[in-house]
Number of protein chains: 2
Amino acid sequence: MNIGDAAKESGVSAKMIRYYEEVGLIRAPARNQNGYRAYDKSNIHELKFIRRARDLGFTVEQISGLMHLWRDRSRASADVKRIALEHVEALEAKTREIEEMANTLKHLAANCHGDGRPDCPIIENLAEGCHHASPTHLGKGFEKLR
Amino acid sequence: MNIGDAAKESGVSAKMIRYYEEVGLIRAPARNQNGYRAYDKSNIHELKFIRRARDLGFTVEQISGLMHLWRDRSRASADVKRIALEHVEALEAKTREIEEMANTLKHLAANCHGDGRPDCPIIENLAEGCHHASPTHLGKGFEKLR
DNA sequence: ATGGACCTTCCAATGATGGGAGGGTCAAGC
DNA sequence: GCTTGACCCTCCCATCATTGGAAGGTCCAT
C-alpha cells in the first residue's frame with residue numbers, strides 16, 4: 001500500500017503522513033524496492049487514531065502521549081482520563097477567551113448606529129481605550145487563538 | 001522617544017513594533033542621528049490602537065483595514081460595524097467548534113472509570129472509531145484552532 | 001575608559017499544513 | 001518499445017504572530 005492509498009484510507013494527507021514520520025509521531029514504514037513507503041493495516045489503524053485525535057484538538061505532542069498509552073496494554077485508564085480532562089479544560093479556557101472578545105465586540109457594535117455617518121464607538125474604543133467593555137485583561141495562552 | 005519607551009507605553013513589544021513596521025501596518029518612524037527609531041505621541045496612539053485590536057482577536061490584516069477606516073474621517077460607521085460583526089461571527093464559529101470537541105471529550109471521559117484498569121473508552125474511541133459522540137464532521141477553518 | 005542598558009540588522013525557530021520544483025517509477029494503451 | 005499520466009521521492013518555501021539570539025553600534029553614568 002503506497003502513501004496515497006494510505007492517505008485516502010486514513011483521511012490524513014500524504015504530506016502530513018510524511019510529516020508525522022519526520023517528527024517521530026509514527027515510525028518509518030518499510031520501503032519497497034523502488035523506495036516507496038509501504039503501509040499495512042496496522043499503519044492505517046494508527047493513522048486513523050491520529051486523525052481522530054487531531055479532530056478532537058489534540059496537539060501532535062499530546063497525541064504522542066496518547067499513542068504510547070494506547071500501545072501500553074498495562075496503562076491505567078486514569079492516565080488517559082487525566083489527559084482528556086486536562087484537554088477539555090484547555091479547550092474550555094479557549095472558548096471563554098474567544099467569547100470574551102466576541103462579547104466585547106458585540107457590545108461595541110450594538111452601540112454603533114452603523115449608517116453613513118462617520119462616528120463609530122467601535123473605532124473610538126480602539127483609539128481611546130476600553131470604556132465600554134473588556135473589563136479584565138486577557139490572560140496567557142491567548143496569543144495562539146487568532 | 002526610543003523604541004523601548006514606546007513599547008512600555010503602548011504595551012506592544014519592541015520586536016513587534018519593528019515587525020509591524022516591516023509588514024507595513026505602521027509607517028517607518030523618523031530616525032535620530034544615531035539611527036534609533038524616534039516615536040512621538042501619535043505613534044504611541046497608533047500602537048495602542050493596534051494593541052487593543054489585537055486583544056480583540058483581529059489579525060494584522062484586519063487591523064490594517066480598521067486603521068485605514070480610523071484615519072479616514074469620512075468613513076461610514078457601517079463599514080466598521082460590518083467588519084466587527086463579521087469578526088464576531090468568526091469568533092463564535094471558533095467557539096462552537098472548540099466546544100464541540102470539548103463536549104465529545106467530556107462524554108468519553110464520563111464513560112471512563114478512570115482507575116487503574118486498562119480498559120478506557122477514550123482510547124477505544126480514538127482507536128476504533130467514533131461510537132460515542134462527534135456525530136458531525138468538523139468544518140473548515142477548524143485547522144488553525146489548536 | 002569601562003560597564004550596562006540601550007539600539008540596530010539579520011537569522012532562526014515555533015506548529016501544522018499546503019504548495020511546488022526537479023526527478024524517479026510504474027502501468028496502461030498505442 | 002515508447003509515450004503518457006498518475007504516482008512516488010526529497011528538498012525548499014510560505015503561512016501567521018511572536019520570540020529568541022548573535023554581532024555590532026551608541027549613550028550615559030560612574
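In what follows, every chain begins at residue 1, and chains take the letters A, B, ... in the order their sequences are listed. Atoms considered below: every heavy atom in the structure, side chains included; atoms not considered: hydrogens, waters and symmetry mates.
Separating the OH atom of Tyr39(A) from the P atom of dC7(D) is a distance of 16 Å, rounded to the nearest angstrom. In this structure, Tyr36(A) atom OH and dG24(C) atom C1' are separated by 7 Å, rounded to whole Å. At whole-Å resolution of the value, CD1 in Ile17(B) and P in dT18(D) are 12 Å apart. dC16(D) atom P lies 12 Å from atom CZ of Arg54(B), rounded to whole Å. With rounding to whole Å, Arg37(B) atom CZ is found 18 Å from dG25(D) atom P. Computed from coordinates, the Asn32(A) CG to dG24(C) P distance equals 19 Å when rounded to whole Å. Here dC12(D) presents its P atom at 13 Å from NZ of Lys15(A), a figure rounded to the nearest Å. Protein atom CG of Asn2(A) is 10 Å distant from nucleotide atom C1' of dT25(C), rounded to whole Å.
Below the 3.5 angstrom threshold, one finds no donor paired with an acceptor across the side chain of Tyr19(A) and the base of dG18(C).
A salt bridge is absent between Arg18(B) and Glu22(B); no separation between the charged side-chain nitrogens and carboxylate oxygens falls under 4.0 Å.
The phosphate of dT18(D) (OP1 or OP2) has no side-chain N or O of Ser13(B) nearer than 4.0 angstrom. Within the 4.0 Å cut-off from OP1 or OP2 of dA16(C), not a single side-chain nitrogen or oxygen of Tyr20(A) is found. In this structure, Arg18(B) reaches the dT8(C) phosphate: one of its side-chain N or O atoms is under 4.0 Å from OP1 or OP2. Side-chain nitrogen and oxygen atoms of Arg31(B) include none within less than 4.0 Å of the OP1 or OP2 phosphate oxygen of dC7(C).
Under a hydrophobic clustering in which Ile, Leu, Val, Met, Phe, Trp and Tyr are joined whenever their side-chain heavy atoms come within less than 4.5 Å, directly or via other members, Tyr19(B) and Tyr36(B) fall into different clusters.
A 4.5 Å side-chain heavy-atom check between Glu21(B) and Arg37(B) finds at least one atom pair inside the cut-off. Considering only heavy atoms from C-beta on, Leu47(A) stays 4.5 Å or farther from Arg51(A) through its side chain.
Mapped onto DNA chain C by nearest heavy atom, Gln33(A) and Met16(A) fall at different nucleotides, with Met16(A) at the one closer to the 5' end.
Closest to the side chain of Asn34(A), from the set dT26(D), dC7(C), dC26(C), is dC26(C).
When heavy atoms are screened at a 4.0 angstrom cut-off, Val60(A) is found touching the sugar-phosphate backbone but no base atom.
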Ile83(A)/Leu69(A) under side chain to side chain contact (heavy atoms under 4.5 Å, CB included): CA gap, chis, key distance, verdict = CA-CA 11 Å; Ile83(A) 291 179; Leu69(A) 292 176; 3.7 Å; yes
